[in-house]
Amino acid sequence: QVQLVESGGGLVQAGGSLRLSCAATGWIFSLGVMGWYRQAPGKERELVATISSDSKTNYADPVKGRFTITRDNAKKTVDLEMDSLKSGDTAVYYCNLRDAGYYLPDQTPEWRREVWGQGTLVTVSS
């Protein structure tokens, strides 16, 4: 199986910075697009940023110029550096992975179309 383990959430003052990290675990041989989404209280989950396997990035308009997404294919990690945080950035942030290839215990290759992390809370105080 493939799992995503997130870390780095917490409480920060407006204008501050925070870095989120996400590690993919399992017998993985292929990683597709990785990204971060967020869900604020009472709102739907929304895209924050994505990064392809060849490091092409895509950002939602509200975070452009403030957030930076990076990935390390060898370590199977994706990070989100968040600067100039605003109270509107308060949300649970979820790591996302698409098209994950991995081996079953009997070494049979398998694919998962989409994997989600458990979420990490980011609270920005004004």
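If you check the side chains of D83 and S17, you find a donor sitting under 3.5 Å from an acceptor. Between the side chains of D79 and S21, at least one donor N or O lies within less than 3.5 Å of an accepting N or O.
Both M34 and V2 are members of a single hydrophobic cluster when ILVMFWY side chains are connected at heavy-atom separations under 4.5 Å.
T50 places no side-chain N or O within 3.5 Å of a backbone atom of G35 that could act as its donor or acceptor partner. E6 places a side-chain N or O within donor-acceptor distance of the main-chain N or O of Q118, the cut-off being under 3.5 Å.
One finds a salt bridge joining D99 and R113 here, because a Lys/Arg side-chain nitrogen approaches an Asp/Glu carboxylate oxygen to under 4.0 Å. A salt bridge does not link D89 with K86: every distance from a Lys NZ or Arg NE/NH1/NH2 to an Asp or Glu carboxylate oxygen is 4.0 Å or more.
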- request: For the pair R38 and Y93, evaluate side-chain hydrogen bond (donor to acceptor under 3.5 Å, both in side chains) and give the outcome as yes or no after the intermediate values.
  value: CA-CA 4 Å; R38 66 186 182 187; Y93 284 70; 3.0 Å; yes

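In this structure, Y59 has its ring center at least 6.0 angstrom away from the ring center of W36. Between Y37 and W116, the distance separating the two ring centers is shorter than 6.0 angstrom.
Side-chain contact between R112 and Q1 is present, with at least one heavy-atom pair separated by less than 4.5 Å.
By the 6.0 Å contact criterion, CD on Q3 is open, its count of non-hydrogen atoms from other residues, nucleotides or ligands being 12 or less.
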